[in-house]
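These notes are about the structure you will find just below.
Every heavy atom of this structure was used, including side-chain atoms; hydrogens, water molecules and symmetry mates were not.
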Amino acid sequence: MSLSPGREAAYDAFVQVMEKKLSPDEALAQYYAKKDIKRIDRNLAKEILFGGLRWYSKILWILQKTATRDLGGTTPE
C-alpha cells in the first residue's frame with residue numbers, strides 16, 4: 001500500500017522541518033521542486049503538515065508521560 005501524493009509530501013516535509021529545521025513552507029517548496037503533484041494534494045499536504053506541527057508538542061508530551069522508554073533519541077520517522 002502506498003501513500004497518496006499529499007500524505008507523502010506532508011511526511012517528507014515534516015521530517016525536513018524536524019531534522020533540518022526548515023520552515024514548513026520551505027520544506028514543502030523543496031518537495032514540490034522534486035515532484036509535481038496536483039493542487040488538491042498540495043492543499044492536503046499543507047493541512048496535514050501544519051496540523052501535525054500544531055499538535056506535535058501535545059502528542060510528544062502525552063507520549064513522554066505514557067512511554068516506558070526514553071523518547072529523547074527517537075527520530076521524526
same_hphob_cluster(Tyr11, Tyr56) at 4.5 Å side-chain heavy-atom cutoff
no
Distance col, row Ile59:CD1 vs Arg54:CZ, nearest 0.5 angstrom, shows 11.0 Å
Looking at Gln30, I want to see if its CD is surrounded by more than 12 non-hydrogen atoms of other residues, nucleotides or ligands under 6.0 Å.
yes
Heavy atoms of Pro24 and Val17 approach each other most closely as CA-CG2, 3.8 Å
Tell me whether Leu53 is reachable from Ile48 by hopping between hydrophobic residues (I, L, V, M, F, W, Y) whose side-chain heavy atoms are closer than 4.5 Å.
no
What residues, two or more places apart in sequence or in another chain, satisfy side-chain contact (heavy atoms from CB on, under 4.5 Å) together with Lys38?
Ile40, Asp41
Locate the shortest heavy-atom distance separating Ala45 from Ala10; write the atom from each residue and the value.
O-CB, 3.6 Å
Side chain to side chain donor-acceptor pair (under 3.5 Å) between Tyr31 and Gln16, worked out:
CA-CA 10 Å; Tyr31 184 85; Gln16 294 297 316; over 6 Å; no
Rounded at 0.5 Å granularity, tell me how far CD in Gln64 sits from OG in Ser57.
10.0 Å
Between Arg42 (side chain only) and Ile37 (backbone N and O only), is there a donor and an acceptor less than 3.5 Å apart?
yes
By salt bridge (charged side-chain N to carboxylate O under 4.0 Å, His left out), Glu19 pairs with (sequence neighbours left out) none
Do the non-hydrogen side-chain atoms of Leu44 and Ser4 ever get within less than 4.5 Å of each other?
yes
Are any non-hydrogen side-chain atoms of Tyr32 and Asp36 less than 4.5 angstrom apart?
no
Indicate if Ile62 and Trp55 have the same hydrophobic cluster label, given that clusters are the connected sets of ILVMFWY residues with side-chain heavy-atom separations under 4.5 angstrom.
no
Check: Asp25 and Lys46 side chains under 4.5 Å, non-hydrogen atoms:
yes
Calculate, to the nearest 0.5 Å, the distance between atoms OG1 and CH2 belonging to Thr66 and Trp61 respectively.
9.5 Å
